[in-house]
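These notes are about the structure you will find just below.
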Amino acid sequence: MSNKRNSGSGNDVPPEKDELSSQANDELARMEHAAAFDDPIALEHEALAASAEEDRTNERRLRAIAVLRRGFAQSPELGRGLRLTVLFAMIGAVGRLIIPVLIQQVIDKGLLADEGFNAGFTITACAVAAAILVAVMFLARITYVRLVTTAELMLRNLRVKTFSHIHRLPMADHESTRRGELTSRVTSDIETIARFVQYGAMAWIIDSVIIIGTLIVMSFYAWQLAVITVVAALPVLPLFRLMQRRQLKAYTVVRNRVGTTLSEVSEAVQGAAPIRAYGLQRRSRARLDDAIQDQFKSEMSAARWFAFMFPLGDAFGGVALASVAMAGIWFGESWGLNAGSLIACLFLVQLILGPVAEIGEILDQTQTAIAGWSKVLGVLDTPVDLVEPEPGVELPNGPLDVRVEHLGFSYQTGGPVLRDVTIDIPAGASVAIVGETGSGKTTFVKLLDRLADPVEGSVLVGGIGLDTVNRQSRTERIRMVPQDGFMFDTSLGENIAMGRIGATIDDVRTSISELGLETWVAGLPRGLDTEVGERGEGLSVGERQLVALARAQMADPGLLILDEATSAVDPRTERALTTALHRLAEGRTTISVAHRLSTAEQADLVLVFDAGELVEHGSHGELVARGGRYAELYRSWLGNTGQKAV
Amino acid sequence: MAAGVPGLFRRGARLLTRYVKAHPVPFIVSIFGAAIYAGAAVGTTIILGRITNDVIVPTFESGRPEAKAVWYTGLALLLVGLLRASTIILRRYFAALLTYRTQRDWRRKLAHTYLSVPLEYHRETPTGELLAHADADIVASSEVINPLPFSVGVITLAVFAIISLATVDWFLMLVAVVLFPLLAIINQMYTTRAEKPLGVVQERVGQVSRIAHESFDGVLVVKTLGREDEEVARLEGAADELRAARVGLGRIRAVFEPMIDALPSLGIIALLLIGSWQVSIDRLNTGDIVQAAALFGLLAFPMRVFGYFLQELPRAVVVSARLDKVVAAPHEPGAATDTPPAVGDGPLSVSFADVSFRYGDDPPVLDGLNLNIAAGSIVALVGVTGSGKSTLCELIPRLVDPDSGTVELDGVDIREFDPVAVRSEVALVFQETFLFADTVRENVTLGDPIDNAVLERAASIAHASAFVHRLPHGWDTGLGERGVTLSGGQRQRLALTRALLRGPRVLILDDATSAVDPVIESAILRDLRTSLETTTLVVAHRVSTIELADEVVFLDGGCIVATGSHPELLANNPDYARLVHAYVDQESMTEGIDHDVADVGTSRLPS
């Protein structure tokens, strides 16, 4: 069984990974609750961030064009109908070109015509122009609706795609420190793109069409003037590009600072109780103020570029207008110009100014959007390590046996977490896993539920290689019950129903009575309709564990993996938990990460982990008799309590 | 929304005045930039008109360009261009300064509110909502500032342009006078039509954000339940609704934007018609028309920015009203009297007189509770879940205030103290330990300069010393560093160290050692008794803990049912006896062989 993770060393990791890592780095320190399952999961990105490659890859990534190209590849729906939309936008741009041409026509043929004022021509020309303008107005409306529809569809799909991709990432990428970041990928980062498509995208199309169209019209009058306009613009381009890159960098800094501020705010909100109890308001306030000030500073340094980039258009406009006027007057006759057409050209130069200025205006928005887009694409490029087999093999019914052969696991950085673990667990057995924090026991059970793939060796459940098992079959037949039974902000009934896809409220009731939890449910204010609140905080820790058990019962798993609770709950709930757990375990293979002596005592098989190795296994009695590590643990415990010695 | 357009504008104006008043200097500088820019822009058109009449037309008539005139033409156009550019820099930089300062103000205000509202507020308000206020809402409420100076500049520009037009011809000015109010009316209609859909969009953005937040928060459960597809479907629903709302809004924009775009051009056509007629009767010359047309063209683009400004305004009004409401949330109650009453030294007594408390409309959690805890005693609080133990604990440091009755510290009603003053005397340790993203040291000292010896002493009472020293960098290990994960018991012992360092005169342990190995727990309590001068209130589940207390308080249904020593209650109160027996049963099952076992070994060695 090979593993991509392990084969990749620092340098051949895609550059996007580096970007994620550099942000992870910044937020590295912002840890929240390290639940038991949050484990010493490798922040493998950390080490990569330091790599010397980073600057170069960053530079490469800053190329907006590359982001756009990749973005379009990810969202093919953007391209659909784009040609027609662009065509419409082009026609729309004609609406703006019509005015200088009209002025020229009226001046030359209406006013300065040889035969004097030509009223008929003037009126006809104006009427035609007005008709075109109105027609173009309606066309612009259609164009805009088309653009918005396409863009919103693309955003919606990108959002769903990114969200779904994040859910498929391995647990290591879901380290609690990065959670806020992942959330911002599907929220604020996509919002920056949304803001762009609402205002910027249309402007880009129309403006570039106007600029090109104007130059074309101008070259009809005198191609030399069009060339002069372009030449005057040329020095602006490298300057623009330079500033553009600086600005993009500045915005990346801004986004990171925003992240820091939000982490601080979230600490102030989630830590509300201890902050109050310890009078920490002043300290938290100082930290928040610092973060807010840092964010402000980064925003202002980005604003410098924002302020200096835009007027480039006007400066260029001044130069272009002056050169066109001078050349037009000096060489006008020989280039076949007359007063009207030169004035038209001056208007055309003026006409370019607006779009150029507007592009300057939206560039800023575009930068932000591209930075956001690049981050979203970075997430989409993060490899999904666990490839689900399609369709995969179904696990058999009934209790499942587990065969683990030469199992080894390590995160990309850091030493091995598990080494050469081999064990046979017969179907229907109850197994307790014992070991200190960091002994590898949590990683071991994670591998049994395929929350990660092993680096070496294999896991066979019910005789089937775990990586070939169909996903739905796996999640139903193998069920891990985490210590912290996270709940969704909805009713209790719906939370329990989540235990099996497509379960009805009657199924929920059945499971509840199977586990003997009717009294508990009946005692809640609104029974199954009780709202559990954000993260299930309306319920006690013990009650959340009951829900986790009920969820497992819904699925009727053949292999149950339990992370025993470490915190004490009140006796009433404890008794309910004991009963429920007992009934749930009946007729299933159960593997418990044991935090209680009684669990180990009662288990058929005890696995003792130490420093990533399975050092002992056997029944409680056998292990105590053997006088090894387990016996030592047991003795030290007995000695310390000084009571209840058998 | 009900207030309609005038109301909205009044509110918008009031909001902007508020923003500007807070930071007048950047506003004035950017307005100055915008006004000069307007002058320079009009100047450009005047120069163009002059060039037409004085240079271009004569040159093409004579066919002989004059070098001096050509140089002047070029210089004038170049200089006026550069003037425009430099005034833009002024305007934009200072407008950004105003925007970001305003956002910083909001952020500070919100953050300070979050820190000073009562705990209940946080229990009632979802985290995602509070985060959204501090992020997207702030941006939405102040984005309108960026186009503000330019918009003010546009008004200046319009005034300049109209005056300038009047000097050309009053008839042409009339076209402008008709045209621009028309633009304003259409803009207003647009703004009104867009207000409600904008609100809907905003709301749906929030919905998407809530789902994402929750879904990633519970990712382990999502994975173990195999619910990825269902979660994706949930987000898909919200994303679809958002898309529908945005497309709806886009349709409104599609009606108005092109109209607003086309109007100035239609104005120029009218101007050409009228102007040519005036030229034909010799009331105007060609240069006048060129200048007037250039002026109209000049107005077209700024009008768009003005439109953008008007469009942002309702959103800013709605969102800032929402933020104002958040910021106005009542802070924690302060002290009733200005001067905190003096309290003596040493442990404090705590008493409850007829205290009742309920959350909202729920049945009361505490119902006329009376209790006296003698200074320096250790009291165990026993009761089933929901009996009111935690609320009782939270009343003492004023995390909540009672609905009726009084809580007294050393005989003084705690409402007379500032909550901060109370909390410097009273330390409450929660069951769930919140650790900050910082070093272990910082997490316990909380930034106070604390002597190492003091730190070690507190840590050894809390039995945290041994495991802290085994961490990679000891006290300076960052929590969140790779490989640093603390067990529940270890976290709780850090929280206890944190409390002990503050030298509390009342120490409340709300199930604060639940995840600690029972052996260590007893040791901690024994050490607390021998080495600390404090009144201690312990919410207890373990018999070994209960036995260590001087007095046991048995709580049920928000009232105290019985008090006395453990053996007394055991003998006299059958309910108590039943509960404690349940604890004993449970204890026999839950005797820990937790991560803490290793610590037991090491910490025991010296003795």
Side-chain angles (χ1 to χ4, degrees), chain A residues 29-31 34 40 43 117 122 126 130 137 140-141 144-145 148 152 156 159-160 163-164 167 174 183 186-187 265 268-269 271-272 274 277 279 281 283 288 292 296 299 303 307 311 314-315 318 321-322 325-326 330 339 354 437 475 480 486 534 566-568 570-571 574 595-598 640, chain B residues 57 60 65 73-74 77-78 81 84-85 88 92-93 96 100 104 107 111 114-115 122 126 130 134 209 212 218-219 221 224 226 228 232 235-236 239 243 246 250 254 258 262 269 273 276 280 301 385 420 423 428 434 437 447 480 483 485 488 514-515 519 541 582 586 589-591 593-595:
Chain A
R30 340 228 131 261
M31 88 155 224
L43 277 173
F117 178 57
T122 306
C126 285
M137 188 175 89
R141 180 167 163 183
Y144 190 77
V145 170
V148 166
E152 288 301 330
R156 176 243 180 240
R159 204 191 291 274
V160 172
F163 181 85
S164 146
H167 265 305
H174 280 282
T183 311
V186 288
T187 55
V265 172
V269 171
Q281 278 97 338
R283 176 177 179 275
L288 265 162
I292 291 169
F296 171 74
E299 282 166 339
D314 270 69
L321 204 60
M326 288 167 75
W330 196 255
T437 304
T475 54
M480 174 182 278
F486 182 90
E534 212 182 335
T566 46
S567 52
D570 71 279
E574 181 65 39
H595 301 304
R596 294 170 182 177
L597 188 68
S598 57
N640 280 323
Chain B
V57 176
F60 281 99
T73 302
L77 288 173
L78 187 66
R84 284 204 315 243
I88 291 175
R92 286 175 72 96
Y93 184 79
Y100 290 133
R104 183 178 62 179
R107 248 172 224 123
Y114 292 172
L115 287 173
H122 285 292
L130 294 180
S209 159
V219 66
V221 165
T224 54
E228 288 94 339
V232 170
L235 183 93
E236 221 164 27
R243 176 172 71 120
R246 282 240 171 92
I269 293 178
L273 270 176
S276 332
S280 73
F301 172 67
T385 301
V420 177
R423 290 165 200 165
L428 166 58
F434 186 87
T485 318
S514 57
V519 182
H541 281 131
Q586 177 193 337
M589 296 185 301
T590 62
E591 284 146 359
I593 50 165
D594 195 0
H595 330 292

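Residue numbers start from 1 in every chain, and the chains themselves are labelled A, B, ... in the order their sequence lines are given, proteins ahead of strands.
Closest non-hydrogen pair, B/Pro258 versus A/Met137, comes out as CB-O, 3.5 Å. Of all the heavy atoms in B/Ala96 and A/Ala303, the pair that sits closest is CB-CB, 3.6 Å. Taking each heavy atom of B/Ser209 and A/Thr183 in turn, the nearest pair found is O-CG2, 4.4 Å. Across every non-hydrogen atom of B/Leu235 and A/Arg159, the tightest pair is CD2-O, 3.9 Å. Closest approach of A/Ala277 and B/Arg423 over heavy atoms only: O-CB, 3.7 Å. Among all heavy-atom pairs drawn from A/Trp330 and B/Pro65, the shortest one is O-CG, 3.6 Å.
Both the backbone and the side chain of A/Phe163 come within less than 4.5 Å of a heavy atom in chain B. For A/Thr187, the part lying near chain B is the side chain, with the backbone staying farther off; criterion is any non-hydrogen pair under 4.5 Å.
Distance check: A/Ile292 CD1 to B/Arg104 CZ gives 9.5 Å after rounding to the nearest 0.5 Å. Atom-to-atom distance recorded for B/Glu228:CD and A/His167:NE2 is 7.0 Å, nearest 0.5 angstrom. Taken to the nearest 0.5 Å, the CD1 atom of B/Ile269 stands 6.5 Å off from the SG atom of A/Cys126.
Applying the salt bridge (Lys or Arg N to Asp or Glu O under 4.0 Å) rule to A/Arg156 yields the partners B/Glu236, B/Asp240; only residues at least two apart in sequence or on another chain are considered. Partners of A/Arg141 according to the salt bridge (Lys or Arg N to Asp or Glu O under 4.0 Å) rule, which considers only residues two or more places apart in sequence or in another chain, do not exist here.
Residues A/Leu321 and B/Leu78 form no side-chain contact, since every pair of their non-hydrogen atoms from C-beta on lies 4.5 Å or further apart. Proximity of A/Val265 to B/Leu130: side-chain heavy atoms (C-beta onward) are nowhere separated by under 4.5 Å.
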Q.
side chain to side chain contact (heavy atoms under 4.5 Å, CB included) for A/Val148 and B/Arg246? Distances and angles first, verdict last.
A. CA-CA 8 Å; A/Val148 166; B/Arg246 282 240 171 92; 5.7 Å; no
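Heavy-atom pairs under 4.5 Å with chain A were tallied for B/Ser276, B/Ala262, B/Ala134; the largest tally goes to B/Ser276. The candidate with the highest count of non-hydrogen atom pairs below 4.5 Å against chain A, out of B/Val232, B/Leu273, B/Leu115, B/Thr73, is B/Leu115.
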